[in-house]
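Atom set for the values below is all heavy atoms of this structure, side chains included, hydrogens, waters and symmetry mates excluded.
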Amino acid sequence: MTNPVVRPFAGFGPLDFGMSRAASHAILGPPAHRYRRSAWVGQLADVYTELGLTLDYGDDGNLEAVEAISPARPIVEAMDVLGRPSSAVVEGLAEKSCASDWELGLLSVPRLGIALFTPSGQASSGPFLSMSAFWRGVSGHEVFAGSGQERLAGSLEDPLVVEPDRLGPARLGMTVDQLRRLLGEGMSTVYFGRPTDIFFGVGIVAQYDAGVVCRLVAVSRSKATVDGLPTLGVPFGEFVTAAAGAGLQFEVSEGEVQLHQGRVRVWSSRPESPELRVSGVSVMAGSAGTTPGWARR
């Protein structure tokens, strides 16, 4: 798959957006490795090093985006977008009435649902280094200023108690405005079609469904506890051992521990490395009972 054709909002070469992970594996085979793109992302990405492809999946496990780097040479609007000078690509897109927007080194093309990257930005004379195609379109970012009138008390040194419906005082079911008043300033975006707020100051990421909090993820805090056990910053293997020693019921799969019948998830960035530290703790609405075969470990 040297020159896969990008089908805007439909697919990438033989891959169809919305297909299952198993279906993509049936086409490309098993990935070279898997990793979590960000501490708050729920699904692992599949990396095909020899093909120069990374596949990203949504919460439902279906294909949402494909990133291509060398040796891949994706074709967009009959252009090899990674094999010619970036300025020529921009000119070619403009000739096809495809408006584009620069943000630092990222060129977004909303009409085609793609983004191209070069570290030199508009000043670059060389080719783009990567191209990503998205099922639900390219996301923008906006900084917002919550009032912070009810902001979390204490400092980042205080434990954040994680329960199946909350991270400390931040609860599932809150409205966007309620959570922003609680947590203060942050950055809003849309991640795979889901509105998302990132509250850097308190290390919490929130996602919304119809304006209501449906998922909360704790990241980059010095302390966060589940059933009294410390999580963030603890080696993943040590957390699994501690959970077993505490007699908790849980399931372990691919760098992730699911507790409280799947409503609480504790994960690391890679599935094959138990020495890596826990990087995220998530609670999500409607996830109870979705994982079968609960057993005491």
Practice problem: Decide whether Ser24 and Tyr57 meet the rule of one side-chain donor and one side-chain acceptor closer than 3.5 Å. | Solution: yes
Spatial distance of atom [atom1] ([X]) from atom [atom2] ([Y]) [nearest 0.5 Å]:
X	Y	atom1	atom2	result
Glu251	Arg265	CD	CZ	13.0 Å
Phe117	Leu82	CZ	CG	12.5 Å
Ser87	Gln122	OG	CD	11.5 Å
Asp227	His260	CG	NE2	3.5 Å
Leu116	Ser130	CG	OG	7.5 Å
Ser220	Phe199	OG	CZ	13.0 Å

Just by modelled atom types, is the [Y] backbone N or O under 3.5 Å from a matching donor or acceptor in the [X] side chain?
X	Y	value
Arg36	Gly42	yes
Ser20	Ala23	yes
Asn3	Arg73	yes
Trp267	Ala39	yes
Ser108	Leu106	no
Arg136	Phe192	yes

Over 60° means perpendicular and under 30° means parallel, so tell me whether Phe17 and Trp135 are parallel, tilted or perpendicular.
parallel
Which of Trp40, Tyr208, Phe134 passes ring pair (Phe, Tyr, Trp, His ring centres under 6.0 Å) with Tyr191? It is Trp40
Show your reasoning for whether side-chain contact (heavy atoms from CB on, under 4.5 Å) applies to Met79 and Leu93. CA-CA 9 Å; Met79 289 188 295; Leu93 291 170; 3.7 Å; yes
Would you check if [X] and [Y] make a side-chain contact, meaning some heavy-atom pair closer than 4.5 Å?
X	Y	value
Val283	Glu163	no
Val6	Val66	no
Ser188	Asp197	yes
Lys223	Pro230	no
Glu256	Pro271	no
Asp80	Ile75	yes
Pro74	Val81	yes
Phe236	Val252	yes

**Prompt:** Does Arg37 pair with Glu67 as a salt bridge, N-O distance under 4.0 Å?
**Reply:** yes
Regarding Asp16 and Arg7, does a basic nitrogen lie under 4.0 Å from an acidic carboxylate oxygen? yes
Between [X] and [Y], is there a shared hydrophobic cluster once you connect ILVMFWY residues whose side-chain heavy atoms come closer than 4.5 Å?
X	Y	answer
Val5	Leu63	no
Leu129	Val90	no
Ile69	Tyr35	no
Val217	Met187	yes
Val234	Val257	yes

Pair Leu248, Val226 - check side-chain contact (heavy atoms from CB on, under 4.5 Å), show working. CA-CA 10 Å; Leu248 302 182; Val226 174; 5.7 Å; no
Give me the atom names and distance for the closest heavy-atom approach of [X] to [Y].
X	Y	value
Ser268	Arg277	CB-O, 3.7 Å
Val278	Thr231	CB-O, 3.2 Å
Ala99	Pro110	O-CD, 3.7 Å
Cys98	Val109	CB-CG1, 4.0 Å
Ala32	Thr49	CB-OG1, 3.7 Å
Gln43	Asp59	NE2-O, 3.5 Å

field: Neighbour count >12 (heavy atoms, 6.0 Å) for atom CD, Glu50
entry: no
The remaining residues in the hydrophobic cluster of Leu276, counting side-chain heavy-atom contacts under 4.5 Å among Ile, Leu, Val, Met, Phe, Trp and Tyr, are none
